[in-house]
Amino acid sequence: MSVGGSDSPELATAVDGAAGSVYRRLVRLAAPYRGVLAIAIIAMLLEAAAGAAFVKLMEPVVDETFISADSRMAVVLPLVIIGLFLLRGLAGYIADMGMARAARSIARDLRTGVFAKYLRLPGLRFDSEPVPSMLVKLGSDSDQVSQAAVDAAKVMLQQSLQIIGALAVMLWTSWRVTLAVFVLGPPLGWLMGKVARRHRRIGHRIQESSAELMHAADETLSGQQEVKVYGAQAGQRARYDALAEKNLKLALKVESTRSLSSAVVQWMGAFGLALLLFFAAREAQADRLTAGGFVALMMAMMAVIPALKQLTNVQGMLQRGVASAQRLFAVLDAPDERDEGRQPLARARGELVFDNVSARYPGQEQPALDAVSFSARPGTVTAIVGRSGGGKSTLIKLIPRFYEPEAGRILLDGHPLDAYPLSDLRRQIALVGQRVALVDGSVADNVAFGELGDVDADALAAAIADANAAEFVERLAEGVHTPVGADGGRLSGGQRQRLAIARAILKDAPILILDEATAALDNESERLVQQALERLMPERTTLVIAHRLSTIEHADQVLVLDEGRLVEQGTHAELLAHDGLYAHLYRSQFRDPGVA
C-alpha cells in the first residue's frame, strides 16, 4: 500500500464500519471480566466526583475563608480537601488496577487464542504468511490491543468523566456562563471525529509496515553469512532503509495529526477561557456570580482543557489498538484445517495408496503434483527422488494432510485419509526432517515430545540408545535432563538429528517419513544416523526423500518425480538399466556430489 494513498470517503466509511465491529467484538471479549470492570468504573465515578467536589469547594474557600473570613471554615475546609484527595487517590488506584486486570487479561486471551489458532490452520497458511508476521501478531499486535484497552480506554473514561464533572460544576455555579461556552462543543466534536477517522486509516498501514520491516530484518539477519559472502549488504540495507522510510512517513502522519489536533484543542480552550471571562464579568456585575463562583468556573474550565487534549492524543493509541485487533481477528476467523473424519483409527497397518493425486498451490497454474499414482506397503521402503521443485516435499506433506489434494484420492488401509480424524491419522506417522524442530527444554523433553510425555524412563533410554544418541547424551552434564537450548542450539546437527530419530523410535508409528534426514550431515554423523534409521525402518511403511542417491540403493521402490509428474518407478537396479532421468541423476551425483 502506498504511503501517500488517498483518503477517500468510501475508504473512510469502510474503515469506520470495520472499526465499529471490532469495538463490539472487543466488548464481547470483555464479558468474562464484567465484575472487575464494574468495580473499576464505579471507582472512576468516585474519582471524578471527588475531583468535581474539589473544584466546587473552591467557591466556599474563596467566599468564606478570604472574603467572609470565617475562622471555623478555615479549619473545616482544609480537612475536607484532605478527605477528598484521599478518596480520589484510593478510587484512582482501584480504577487503574481494575482496568489493568481486565485489559491485560483480554490481551492474554487474544494472544493465547491466536497462538492456538495458528496450530489449527492449514499448512498452506504457513507458506503464505511468513513466521515474522505471525510473531508481530503474537507480540506487538497483542500489546497494542492491551495498550489500547488499558491506557486508551482508561484515559477516555477518566477524562470524559472529569469533563462531565467539571461541566456539572460549571452548570451548577452559573448555567448562563456555561451555556455561552458550549458554543465550542460542535466544532470540537467535529475535530475529534476527523482525528479518529484519520488515525484509523493510517493505523492499518503502520501495522503492515512494521510487519514488513520485521520480515526483511529476519530474512537478512538469518542469512547473514550468505549476505556477506555474496556482497549483498548494500542491497539488503537499501531495501531495509526503504521500508524504514515508509514506516517513518506513516508515523509522521500520525504525529502530525496528533500535534495539530492538540494545538487546535488548546487554541479552542483559550478561546473558551476568554468567553468564560467575558460572560463571568457580566454575571458578576449583575450580582449573579461571586468571586468564589468565578474561581470555581475558572478551575473547572482549566480542568476541561487538558482533559480534552488527552482525549485527542489518545486517538492514535486507540486506533493502533483497533488496527491490531482487526489483524488478530482476521487470524481467529480463518478456517481451521478440515477435520470431518469419523472413522476411528487406533493403529494402522500402514498400506498407502495414491490414486491419480494432483495438488496445486494457490495462485499457481502449474500443478505441484499431476496425477500421481503408486502404492506403498507395510515393511517396505519407498524412495522419492527428482530435481528440486519436482514435487517431492508436496507429496509427503499430503500424507499427514498438511496440504489437501486438488484431485484424486489417498487411501490408508483402504479408507481415504479424510475419513479419519486428524489426530488419529497423525498418530500413525513419525516424521524426521532435515531441519529438526527442538524446543527449549531438556533432552528428555524433546525425545518424549507431545503425546509421548508420559513414557517411562526405560522406554526413553531404549529409544535414545537405538538412535545412536546414548554416546553423547551420557556425556552431557545432566544426562537426559540437560537443556538443549533454544532450537537445540547447544547440540550439533548430527546430535539433533539423532534426537529426532529417538523421538520417532519412541512413537513407534506404522508410517515413517524421512525428509532428507541426512542431507546436511558430515560423513561420521551420517553413518550414525543411517545406522539408527536402519533400526527404525523395519516393519513400517517408510517413505524417504533422498538427497544422496547412494543411500537408497536398497529401497523396495524408487519414485522419480519431475515437474510434478511421476516419470519413473522401479527398483534402483531397474531404473539404472532403464537409463532415464534417475540414471542421469545418479551419474551426475557421482561426478558432482552436490547434485540432488
Side-chain angles (χ1 to χ4, degrees), residues 350-361 364-400 402-403 405-412 417 429 431-435 511-521 526 529-530 533-534 537 540-596:
E351 184 176 354
L352 275 171
V353 175
F354 274 60
D355 181 15
N356 282 309
V357 173
S358 297
R360 188 188 311 270
Y361 291 103
Q364 292 190 0
E365 294 184 7
Q366 179 75 18
L369 286 179
D370 188 3
V372 172
S373 297
F374 71 93
S375 62
R377 299 185 310 279
T380 65
V381 176
T382 299
I384 307 164
V385 303
R387 297 186 179 98
S388 179
K392 304 184 296 294
S393 294
T394 303
L395 186 149
I396 65 167
K397 287 178 180 178
L398 291 171
I399 299 171
F402 296 150
Y403 298 161
E406 180 184 58
R409 299 184 306 162
I410 306 173
L411 306 178
L412 173 60
L417 293 184
I429 301 168
L431 173 64
V432 180
Q434 182 177 353
R435 184 190 179 280
I511 299 172
L512 174 63
I513 297 175
L514 304 175
D515 185 0
E516 300 193 13
T518 63
L521 303 181
E526 182 182 6
V529 169
Q530 199 65 44
L533 290 174
E534 288 170 3
M537 288 160 59
R540 306 178 200 281
T541 304
T542 304
L543 295 97
V544 183
I545 290 182
H547 177 77
R548 294 185 176 96
L549 300 186
S550 58
T551 62
I552 60 163
E553 292 179 356
H554 301 295
D556 295 279
Q557 64 173 338
V558 179
L559 310 179
V560 185
L561 295 178
D562 192 42
E563 296 183 352
R565 289 174 287 114
L566 180 57
V567 295
E568 292 178 354
Q569 180 176 0
T571 65
H572 169 74
E574 290 170 348
L575 294 178
L576 284 181
H578 184 261
D579 199 25
L581 177 58
Y582 180 81
H584 170 72
L585 292 174
Y586 190 80
R587 288 192 296 267
S588 298
Q589 193 168 92
F590 276 97
R591 286 197 302 270
D592 179 2
V595 177

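A quick note: this is a predicted structure, and the numbers were derived from the prediction, not measured.
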Can you tell me how far [atom2] of [Y] sits from [atom1] of [X], rounded to the nearest 0.5 angstrom?
X	Y	atom1	atom2	answer
Asp556	Thr571	CG	OG1	9.5 Å
Phe354	Leu398	CZ	CG	5.5 Å
Asp515	Arg435	CG	CZ	12.5 Å
Ile384	Ile552	CD1	CD1	10.0 Å
Phe402	Thr394	CZ	OG1	13.0 Å
Ile396	Leu514	CD1	CG	9.0 Å

Please name the pair of heavy atoms, one in [X] and one in [Y], separated by the smallest distance, quoted to 0.1 Å.
X	Y	value
Ala383	Ala555	CB-CB, 4.0 Å
Pro378	Gly350	CG-C, 3.9 Å
Asp562	Arg387	OD1-NH1, 3.1 Å

Query raised in the report: Residues two or more places apart in sequence or in another chain: which of them pass side chain to side chain donor-acceptor pair (under 3.5 Å) with Glu563?
Result: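 If we apply the side chain to side chain donor-acceptor pair (under 3.5 Å) test to Glu563, skipping adjacent residues, there are no hits.
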Requested in this report: State whether a side-chain donor-acceptor pair under 3.5 Å links Glu553 with Tyr586.
Outcome: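 There is such a pair between these side chains.
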Please tell me if the side chains of [X] and [Y] come closer than 4.5 Å, counting only heavy atoms from C-beta onward.
X	Y	answer
Leu561	Leu369	yes
Leu575	Leu581	no
Leu512	Met537	yes
Val372	Leu559	no

Report task. Using side-chain contact (heavy atoms from CB on, under 4.5 Å) as the criterion, list what pairs up with Ala376, not counting sequence neighbours. Result ->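 With neighbours one apart ignored, the set is Leu352, Phe374, Thr382, Thr541, Gln557.
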Query raised in the report: Does Ala583 have any side-chain contact (heavy atoms from CB on, under 4.5 Å) partners at least two apart in sequence or in another chain, and if so, which?
Result: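 Result, side-chain contact (heavy atoms from CB on, under 4.5 Å) vs Ala583: Leu576, Asp579, Arg587.
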The criterion is salt bridge (charged side-chain N to carboxylate O under 4.0 Å, His left out); which residues satisfy it with [X], sequence neighbours excluded?
X	answer
Asp355	Arg409
Asp370	none
Glu568	none

